[in-house]
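Keep in mind that what you see is a predicted model, and the values were worked out from it rather than measured. Reckoned from all heavy atoms, side chains included, excluding hydrogens, waters and symmetry mates. Just follow the structure's listing: the first ligand is 1, and inside any ligand the first atom is 1.
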Amino acid sequence: MALFATLFMHLCDYWFVSVPLLTALGVFAWFMNQEEQGTSSTETAAPADDIQSRILDAKKSASSISRMKETVVFDRDWDANAEDNAHDEDIVPSGIPEDVQHIHFEHKRLTLESMYTRSKEFYELMNNRRSVRFFSKDPVPKEIIQNIVRTAGTAPSGAHTEPWRFIAVKDPEYKKRIRELVEQEEEINYTKRMGVQWTADVKGIGTSYVKEYLTDAPWILLVFKQVYTLLPDGQKRNNYYHEISTAISGGLLIAAIQTAGLVTLTSTPMNCGPALRTMFQRPKHEKLMLLLPVGYPSHDCTVPDFKRKELDEILTMIQ
Ligand code: IYR
């Protein structure tokens, strides 16, 4: 007791040191306490009501808890470091011969007037594109599908590796098998993998794991990226930028579908890649990127009333 009394008197004598020191200690202790509670001092805490209702929501459904545990953000088949990737130490002959001939590039300039008209007309055509989920069963000739895929194959690619493979399915038996597989995985995606936020974010689109369009549409196109090229002797040649190259090719594919007067849905069924690859006897280094039903919209087809961003929201011009 006597010790504390002496200490207190000294603190009073040296108040100009002890007051700021004790204040600093107090602030430090408060800060540490906040950190422990997981709230950094720079973040604005959510209102207490909000937190309470969120906790209640989470408690309400047991499924939301198992959903949290099983959330898979990335497709398991997409691991960029998967063992089956090509490695830097595998030195293989380049796909482009060193002495490849460079030939004259023919290019015919359009008149300015025609450039304006064509760019505007193409924009208008593409602006009419909508992701369609209700398909007519009317057939589409295979030659049109072949031209569409030819267009996709004109995409630029890293070191001209053309790291894509398309599968066009018309056979009703296969379409049925694809639908069964996709629905089975999508049910898990919706209830577990996608998580509460994701399902809430897409709710307005009105989708579910039931995918009638997969058996209604006359064609299903599957787009695979090839993470490397397998040479005849088993060596692997790196496919540079296989992801972006195949994505660009997917964009051209969608533009070609639209230009042909058909519709599609750009779908990416999570975790269906390996099973679809096996279904069509494709090798392990081919990873599914897109699955697109292609055909005509059904007569009673609806689409959500979305607006596109204005030009100034997507374009910054420095001139
Ligand atoms: N793949 C699911 C869920 C879904 C996800 C996104 I991102 C969408 O824009 C729409 C749906 C499905 O196709 O139903």
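Ranking the protein heavy atoms by distance from atom 7 (I) of ligand 1 puts W198 NE1, 3.6 Å first. The shortest contact between atom 3 (C) of ligand 1 and any protein heavy atom is with Y190 OH, 3.2 Å. Counting only heavy atoms of the protein, atom 8 (C) of ligand 1 lies nearest to V202 CG1, 3.7 Å.
With respect to E286 and K225, no salt bridge is recorded, no charged nitrogen being found less than 4.0 Å from a carboxylate O. Ionic pairing of E124 and K120 is present here: one or more N-O contacts between side-chain nitrogen and carboxylate oxygen are shorter than 4.0 angstrom. Under a 4.0 Å N-O distance rule, the pair E185/R193 qualifies as a salt bridge.
Between the side chain of R129 and the main chain of A255, no donor-acceptor pair closer than 3.5 Å is present.
Of the candidates L291, D201, T207, T207 brings a heavy atom nearest to atom 11 (C) of ligand 1. By heavy-atom distance, the residue among E185, R133, K211 lying nearest atom 12 (C) of ligand 1 is K211.
For I205, every heavy-atom contact with ligand 1 shorter than 4.0 Å involves the side chain, none the backbone. Counting heavy atoms closer than 4.0 Å to ligand 1, residue Y209 contributes nothing at all.
Taking CG of L221 as the reference point, atom CG of L253 lies at 5.5 Å (rounded to 0.5 Å).
Short contacts between ligand 1 and E186, defined as distances under 4.0 Å to a heavy atom of the residue, involve ligand atoms 1 (N), 2 (C), 12 (C), 13 (O), 14 (O).
Between the side chains of E143 and N147, no donor-acceptor pair is found at a separation under 3.5 Å.
At least one heavy atom of S208 sits closer than 4.0 Å to an atom of ligand 1.
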Please list every donor-acceptor pair under 3.5 Å in which a side-chain atom of residues 97-113 meets a protein atom from a residue at least two apart or in another chain.
{"residue": "T111", "atom": "OG1", "partner": "S114", "partner atom": "N", "Å": "3.1"}

